[in-house]
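To start, the structure itself, in structure tokens.
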Protein chains: 2
Amino acid sequence: LGRPKEFEVEDALRCAARAFCAGGYAGTSIRDLEREIGVGRKSLYDTFGDKRDLFLRVLDRFIEAPYPISSRSASLPEIKRMFYGARSLDPADQASLFANVMVEFGVETDEDVALRVKRHLDRLETLFARALERAAGEGQIAPVDVRSTARYLTSSLQGLWVMSRGGTSRGALREIAGVVLSVLRPPTQ
Amino acid sequence: LGRPKEFEVEDALRCAARAFCAGGYAGTSIRDLEREIGVGRKSLYDTFGDKRDLFLRVLDRFIEAPYPISSRSASLPEIKRMFYGARSLDPADQASLFANVMVEFGVETDEDVALRVKRHLDRLETLFARALERAAGEGQIAPVDVRSTARYLTSSLQGLWVMSRGGTSRGALREIAGVVLSVLRPPTQ
């Protein structure tokens, strides 16, 4: 097998992400990655380096992943979709990879991982903040303290992911999401 | 070395918990456990069985752990202590072990682990529900939908633990906790 083409690298990263989501970092062996990606160890090492290098590549890819709130015009409906969207509450969804990573690594274990975790949380917070500003500006919600509310939404999303991994039913997750979003009050007329 | 005495078993479980909290299940080797507990492999196997048996024992112990809201008379102040308490927001605190477990295992991987995760979440939810009922009954908060609010508080706590592992500052965590608790409104006079 020669060097994989670019689209194959993308495919491989997707497969690697699936493996890491299911097994965590420590729980995913090179053998698991070979099987999931469908290439041999040598090809894997030649393209990505070792397991940690591959893992960091997967994280880099995920930091750029699009969300409903990534859109420039995102406001209240997109915030809601972050919590009620079909994919958001799926325990197998790869968007929860970072929740995994934070729990597995903690913050002081690995500087390269910690940097990516920070970037990911900062990005979510920034996207939520922008959507909140727009929602308040357009009169969809009462004014809020944008920074603390954006952080709260970021944290709440991690909580829902954990609960979803813990076997909480879809119905219960939607109920929780309803309470989470109740801090966004309708504007007073 | 003979069979450890009862207090030594308790000590060993505490040390094992610390190791599993730091490394996760897959990331903690028998060698890590030997070092952390300070006994040899044979002693470990004789007393606890294999790594998985020891892990389940640690989980069983944690399901019984006391929280501020464990007190029969717990109401709003104890709910607040769950979110602002010195230990609650500590990324190294072992109370977050279950958040770890949920993320690492997901729900379908291991029936014995899943059972314990469910017991843990049910317990937190029940304790929050009882404290909420008392808080509303004593006029500390406006009436709430107890079940969904208790679930929401359980989920929010998982979120804060993840954020805390992710390196979020103590100040930011307190800010988030403030927004979490803002769904508990003062009673209308």
Side-chain angles (χ1 to χ4, degrees), chain A residues 21-29 91-92 96-109 113-115 117-118 120-121 125 144-145 147-168 172-183 185, chain B residues 21-29 91-92 96-109 113-115 117-118 120-121 125 144-145 147-168 172-183 185:
Chain A
C21 283
Y25 179 75
T28 302
S29 65
S96 61
L97 176 64
F98 269 101
N100 272 20
V101 170
M102 284 183 259
V103 169
E104 183 172 351
F105 281 82
V107 64
E108 281 160 7
T109 321
V113 172
L115 189 76
V117 162
K118 186 169 169 11
H120 167 69
L121 290 179
E125 193 182 315
V144 289
D145 181 300
R147 197 189 61 169
S148 64
T149 309
R151 273 186 181 154
Y152 157 82
L153 293 176
T154 303
S155 176
S156 300
L157 205 55
Q158 314 303 320
L160 278 165
W161 277 329
V162 173
M163 297 291 282
S164 132
R165 299 268 299 181
T168 303
L173 293 174
R174 291 179 67 88
E175 214 173 83
I176 295 168
V179 186
V180 167
L181 293 172
S182 74
V183 309
R185 306 258 145 192
Chain B
C21 282
Y25 178 75
T28 303
S29 65
S96 61
L97 176 64
F98 268 102
N100 272 19
V101 170
M102 284 183 260
V103 170
E104 182 172 352
F105 281 83
V107 65
E108 282 160 7
T109 320
V113 171
L115 190 76
V117 163
K118 185 170 170 11
H120 167 70
L121 290 180
E125 193 182 314
V144 289
D145 180 302
R147 197 188 62 170
S148 62
T149 309
R151 275 187 181 153
Y152 157 82
L153 293 176
T154 303
S155 175
S156 300
L157 205 54
Q158 314 305 320
L160 278 166
W161 276 328
V162 172
M163 296 290 282
S164 130
R165 300 270 296 183
T168 304
L173 293 173
R174 291 180 67 90
E175 213 173 83
I176 294 168
V179 185
V180 166
L181 293 171
S182 74
V183 309
R185 305 259 146 192

Pick one of side chain, backbone, both or neither for B:T28, based on which atoms fall under 4.5 Å of a heavy atom in chain A. neither
Testing the basics here: between A:M163 and B:Q158, what is the closest heavy-atom pair and its distance to 0.1 Å? SD-CG, 3.9 Å
Using the test side chain to side chain contact (heavy atoms under 4.5 Å, CB included), find all partners of A:S148 that sit at least two apart in sequence or belong to another chain. A:D145, B:E175, B:V179
Can you tell me how far OH of A:Y152 sits from CG of B:L160, rounded to the nearest 0.5 angstrom? 10.5 Å
Among all residues two or more places apart in sequence or in another chain, which pass the side chain to side chain donor-acceptor pair (under 3.5 Å) test with A:S29? A:D32
If we define contacts as heavy-atom pairs under 4.5 Å, which of B:I176, B:L121, B:V180, B:V144 has the most with chain A? B:I176
Checked B:A172, B:G27, B:S155 vs chain A; the most non-hydrogen pairs under 4.5 Å come from B:S155
